[in-house]
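Being a predicted model, the structure only gives us computed values, none of them experimental.
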Amino acid sequence: MRTTIILILSVFLMPFTAKAQQMKFGYLSYNEALRAMPDYAAARQNLATLKSQYEDETRRSEEEFNSQYEQFLDVQAELAAPIRNKRQAELQSRLKENVAFKKEAARLLRQARADMYAPLRRKLDAVLERIGRERGYAFILNTDGNALPYVCPTAGEDITTIVIDALRPVSSDKVQTVTPPATAPDGAPDDITDDEEEDTQMQDDTGAAGLQQ
């Protein structure tokens with residue numbers, strides 16, 4: 001009786017086992033394919049230019065503030081209390097503006113990076129879908145971050161080179177240069193959680209540490 005049951009189960013499960021053995025999938029480094037796209041270098045250059053502009057403006061504002069702060073320290077003992085208080089308030093307001101601008105610049109850089117890379121990611125995703133259909137893959141895995149420490153060589157195929165080759169003729173569009181706004185609104189968050197945050201990370205100096213009362 002037990003032998004009969006085993007034989008029945010073997011016959012029943014055979015099609016599913018064969019199907020599982022025939023299942024194929026691809027895997028690649030998504031970031032490596034993205035960085036190989038011709039437009040990726042242009043996007044990074046545009047982003048570096050934008051970051052440099054924000055850093056230059058931040059540096060100029062901080063230098064102005066520091067100069068005004070030093071001048072105030074030189075004469076504060078000679079000033080009448082109302083005038084001294086007025087200048088302290090002006091310096092404190094200027095310092096807050098500088099900090100707010102730095103935070104907003106970081107947010108704008110993060111948004112600019114997302115806008116610049118979005119069309120590249122769409123192209124890459126479209127190529128992955130086409131390759132997946134053409135090669136009959138059940139799915140495609142991203143190996144970035146050591147997400148695939150082992151793969152069966154008879155089931156999985158490394159398609160990084162195939163994808164990079166396929167991306168070359170479809171990556172001819174120019175990446176639009178982003179121009180920074182003349183002024184930055186207040187109250188923006190300064191968190192940067194992108195996978196390449198070094199592209200958009202601003203320096204963390206804020207000028208003078210504080211104002212003497």
Side-chain angles (χ1 to χ4, degrees), residues 25-63 98-135 137 139-148 151 156-206:
F25 64 91
Y27 60 92
L28 83 160
S29 167
Y30 192 95
N31 287 337
E32 183 179 346
L34 189 68
R35 290 167 182 155
M37 299 176 72
D39 289 348
Y40 180 82
R44 283 185 62 88
Q45 181 57 51
N46 287 343
L47 192 63
T49 300
L50 186 59
K51 178 183 176 184
S52 178
Q53 292 179 28
Y54 281 125
E55 288 181 339
D56 289 345
E57 178 60 21
T58 299
R59 190 178 303 109
R60 183 196 65 80
S61 297
E62 290 177 351
E63 290 174 353
N98 288 351
V99 172
F101 175 81
K102 181 175 295 184
K103 290 181 178 181
E104 177 64 359
R107 187 192 70 81
L108 292 172
L109 282 169
R110 185 176 66 248
Q111 183 61 51
R113 182 183 185 280
D115 292 343
M116 289 180 185
Y117 291 166
L120 304 186
R121 295 182 185 277
R122 286 195 296 269
K123 289 179 182 179
L124 176 52
D125 291 344
V127 168
L128 290 176
E129 181 179 358
R130 176 172 60 81
I131 290 176
R133 292 180 181 277
E134 291 175 352
R135 301 179 73 86
Y137 293 144
F139 51 85
I140 295 177
L141 295 174
N142 180 8
T143 62
D144 293 336
N146 196 29
L148 193 65
V151 59
E157 297 178 343
D158 185 349
I159 60 171
T160 302
T161 301
I162 296 172
V163 172
I164 290 174
D165 290 341
L167 283 168
R168 290 191 177 117
V170 298
S171 302
S172 59
D173 295 341
K174 298 291 183 181
V175 176
Q176 184 177 2
T177 302
V178 175
T179 303
T183 58
D186 295 335
D190 62 343
D191 58 309
I192 301 178
T193 58
D194 213 273
D195 59 351
E196 290 185 7
E197 65 178 25
E198 71 275 5
D199 285 340
T200 54
Q201 198 165 31
M202 300 285 289
Q203 298 296 323
D204 199 24
D205 302 330
T206 56

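- One distance of note links CZ of R135 with CD1 of I140; it measures 9.5 Å at 0.5 Å rounding.
- Taking 4.0 Å as the cut-off between side-chain N and carboxylate O, R107 and E104 count as a salt-bridged pair.
- Residues Q111 and L108 fail the side-chain proximity criterion, which asks for heavy atoms closer than 4.5 Å.
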Dump the intermediate steps for side chain to side chain contact (heavy atoms under 4.5 Å, CB included) on T58 and N98, then the final yes or no. CA-CA 7 Å; T58 299; N98 288 351; over 6 Å; no

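- Shortest non-hydrogen contact noted between I164 and A33 is CG1-CA, 4.0 Å.
- The two atoms that bring L124 and L34 nearest to each other are CD2-N, 4.1 Å, heavy atoms only.
- Shown here for M116 and A43, the closest heavy-atom pair between the two residues is SD-O, 3.5 Å.
- Between the side chains of Y117 and D39, not a single donor N or O lies within less than 3.5 Å of an accepting N or O.
- Put simply, the side chain of N142 gets close to the backbone of Y30: a donor and an acceptor are under 3.5 Å apart.
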Audit row: R59, D56, side chain to side chain contact (heavy atoms under 4.5 Å, CB included) steps and yes/no: CA-CA 5 Å; R59 190 178 303 109; D56 289 345; 2.9 Å; yes

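- Formation of a donor-acceptor pair under 3.5 Å by the S61 side chain with backbone atoms of E57 is found in this model.
- Here CD1 of I162 is found 8.0 Å from CG of D165. Values are rounded to the nearest 0.5 Å.
- Using a 4.0 Å cut-off between charged side-chain N and carboxylate O, R133 and E129 make a salt bridge.
- Of the inter-residue distances, the one linking K51 atom NZ with R113 atom CZ reads 11.5 Å to the nearest 0.5 angstrom.
- Put simply, the side chain of S29 never gets that close to the backbone of T143: no donor and acceptor are under 3.5 Å apart.
- By the side-chain hydrogen bond (donor to acceptor under 3.5 Å, both in side chains) test, T160 pairs with D158, sequence neighbours left out.
- F25 has its ring centre less than 6.0 Å from the ring centre of F139.
- Salt-bridge annotation for R122 and D125: absent, with no side-chain N of the basic residue lying under 4.0 Å from a carboxylate O of the acidic one.
- Here the closest non-hydrogen pair linking L148 and L141 is CD1-CD1, 3.6 Å.
- Considering only residues two or more places apart in sequence or on other chains, N146 meets the side-chain hydrogen bond (donor to acceptor under 3.5 Å, both in side chains) condition with none of them.
- Here the closest non-hydrogen pair linking L109 and L47 is O-CD1, 3.9 Å.
- The neighbour count for R60 CZ, taken as heavy atoms of other residues, nucleotides or ligands under 6.0 Å away, is above 12.
- Residue Y27 comes nearest to G156 through the heavy atom pair CE2-C, 3.7 Å, listed as atom of the first residue, atom of the second, then distance.
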